[in-house]
Amino acid sequence: MELVYTGKTKDVYALEDGNYLLQFKDDVTGVDGVFDPGANSVGLTIEGAGRAGLKLTKHFFEILKEKKIPTHYIDADINQATMTVTPAEVFGKGLEVICRYRAVGSFLRRYGLYAEEGQALDGFVEVTLKDDEREDPPISEDALDMLGILTKAEYKELKSLTQQIGNVVKEELAKKNIELYDIKFEFGRAGENKQIVLIDEISGGNMRAYKDGNYIEPLELEKMFL
């Protein structure tokens, strides 16, 4: 295997058959030792976070497969904390797409003049650039199109997929009386037809989930849910 990318929470290896292997790490994003899925730097290391994140990712990706929602997922090995995926081309230098159901995190920091903490949001979709130097700035549909990152038609599909997948996760968590406040996704283009597919992961490290009004840490979420 050839190491082709080292990320904050996982490493990526190229396989001989053209697919890729994601190695999940125990690093999570945050600030000053406090976990924050919206942070753009590694804040702390939590033993077992990699496998816990992969267990949730495997669970949700297999549900999406059953529902015929396109992803890059092939299979996963929990013991090795690895996931095999098909190749996909990211948009520009990478985008993050957030689906928000309640006003928390960066949304509240930016719009606190108008929004109250925990205020209900109806699956609001927000796109940000993956740009650590500029703290992952939000970007509009028009700007994405004008800068050649994705077309307006692709934006429409991206938004629809984000809400579909967000609602799947939300409904699954609700079966255990867990409420999803927000979740962050990544997408790419795959295959000759450049189909938009979900990539990366769906884990406690990229969502905020609450029970009885109390935030659930990533490892605790995996235990409570699975």
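Side chains are part of it too, since the values below use all heavy atoms of this structure and drop only hydrogens, waters and symmetry mates.
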Distance-only criterion, 3.5 Å: show the donor-acceptor pairs between side-chain atoms of residues 113-128 and protein atoms not counting sequence neighbours.
residue: Q119; atom: OE1; partner: E116; partner atom: N; Å: 3.0
residue: E126; atom: OE1; partner: R100; partner atom: NE; Å: 2.9
residue: E126; atom: OE1; partner: R100; partner atom: NH2; Å: 3.0
residue: E126; atom: OE1; partner: R110; partner atom: NH2; Å: 3.2
residue: E126; atom: OE2; partner: R110; partner atom: NH1; Å: 2.5
residue: E126; atom: OE2; partner: R110; partner atom: NH2; Å: 3.0

Heavy-atom side-chain contact between [X] and [Y] under 4.5 Å:
{"X": "K10", "Y": "Q23", "answer": "no"}
{"X": "R102", "Y": "D182", "answer": "no"}
{"X": "E201", "Y": "L22", "answer": "no"}
{"X": "D26", "Y": "T45", "answer": "yes"}
{"X": "L180", "Y": "M207", "answer": "yes"}
{"X": "V90", "Y": "F187", "answer": "no"}
{"X": "L150", "Y": "L95", "answer": "yes"}
{"X": "F60", "Y": "V169", "answer": "yes"}

Which distance, rounded to the nearest 0.5 Å, do you find between the [atom1] of [X] and the [atom2] of [Y]?
{"X": "L161", "Y": "Q164", "atom1": "CG", "atom2": "CD", "result": "5.5 Å"}
{"X": "D136", "Y": "I98", "atom1": "CG", "atom2": "CD1", "result": "8.0 Å"}
{"X": "I216", "Y": "Y181", "atom1": "CD1", "atom2": "OH", "result": "10.0 Å"}
{"X": "Y20", "Y": "E2", "atom1": "OH", "atom2": "CD", "result": "8.5 Å"}
{"X": "E62", "Y": "T57", "atom1": "CD", "atom2": "OG1", "result": "11.0 Å"}
{"X": "I202", "Y": "F185", "atom1": "CD1", "atom2": "CZ", "result": "5.5 Å"}

So, are [X] and [Y] salt-bridged, with charged N and O less than 4.0 Å apart?
{"X": "K25", "Y": "D11", "result": "yes"}
{"X": "K175", "Y": "E172", "result": "yes"}
{"X": "D77", "Y": "R51", "result": "no"}

May I ask whether [X] and [Y] are part of the same hydrophobic cluster, defined by side-chain heavy atoms of I, L, V, M, F, W, Y residues being less than 4.5 angstrom apart, directly or through others?
{"X": "Y13", "Y": "I74", "answer": "no"}
{"X": "M1", "Y": "L54", "answer": "no"}
{"X": "I78", "Y": "L56", "answer": "yes"}
{"X": "L21", "Y": "V4", "answer": "no"}
{"X": "I183", "Y": "L64", "answer": "yes"}

Side chain to side chain contact (heavy atoms under 4.5 Å, CB included) filter on D142, not counting sequence neighbours, yields S140, M146, K152

Is a side-chain donor or acceptor of [X] paired with a backbone partner of [Y] at a separation under 3.5 angstrom?
{"X": "N19", "Y": "L15", "answer": "no"}
{"X": "D200", "Y": "E186", "answer": "no"}
{"X": "S160", "Y": "K156", "answer": "no"}
{"X": "H72", "Y": "A88", "answer": "no"}

Donor-acceptor contacts, no H, no angles, side chain residues 217-226, under 3.5 Å, sequence neighbours left out:
none

With a 3.5 Å cut-off and sequence neighbours excluded, list the donor-acceptor pairs that the side chains of residues 189-199 form with protein atoms.
residue: R189; atom: NE; partner: E154; partner atom: OE2; Å: 2.8
residue: R189; atom: NH2; partner: I149; partner atom: O; Å: 3.3
residue: R189; atom: NH2; partner: E154; partner atom: OE1; Å: 3.0
residue: R189; atom: NH2; partner: E154; partner atom: OE2; Å: 3.4
residue: N193; atom: OD1; partner: Q195; partner atom: N; Å: 3.3
residue: K194; atom: NZ; partner: E89; partner atom: OE1; Å: 3.3

Return the set of residues passing salt bridge (Lys or Arg N to Asp or Glu O under 4.0 Å) with E157 (not counting sequence neighbours), or none when no residue passes. none

Is the terminal nitrogen or CZ of K170 (NZ for Lys, CZ for Arg) located under 6.0 angstrom from the six-membered ring centre of Y101 and within 45° of that ring's axis? yes

Would you mind listing every ring-ring contact (aromatic ring centres under 6.0 Å, His included) that reaches into residues 134-158, with sequence neighbours excluded? none

Run Y210 and I178 through side-chain contact (heavy atoms from CB on, under 4.5 Å) and show every step you take. CA-CA 6 Å; Y210 287 69; I178 298 170; over 6 Å; no

Going through the checks in order, is the side-chain contact (heavy atoms from CB on, under 4.5 Å) test met by L129 and E135? CA-CA 9 Å; L129 299 177; E135 298 184 352; over 6 Å; no

Return yes if a side-chain donor-acceptor contact under 3.5 Å exists between Q80 and T82, otherwise no. no

Looking only at side-chain N and O atoms, does T151 offer a donor or acceptor that is under 3.5 Å from a partner on D145? no

Between K58 and A76, the two heavy atoms sitting closest are CD-CB, 3.9 Å

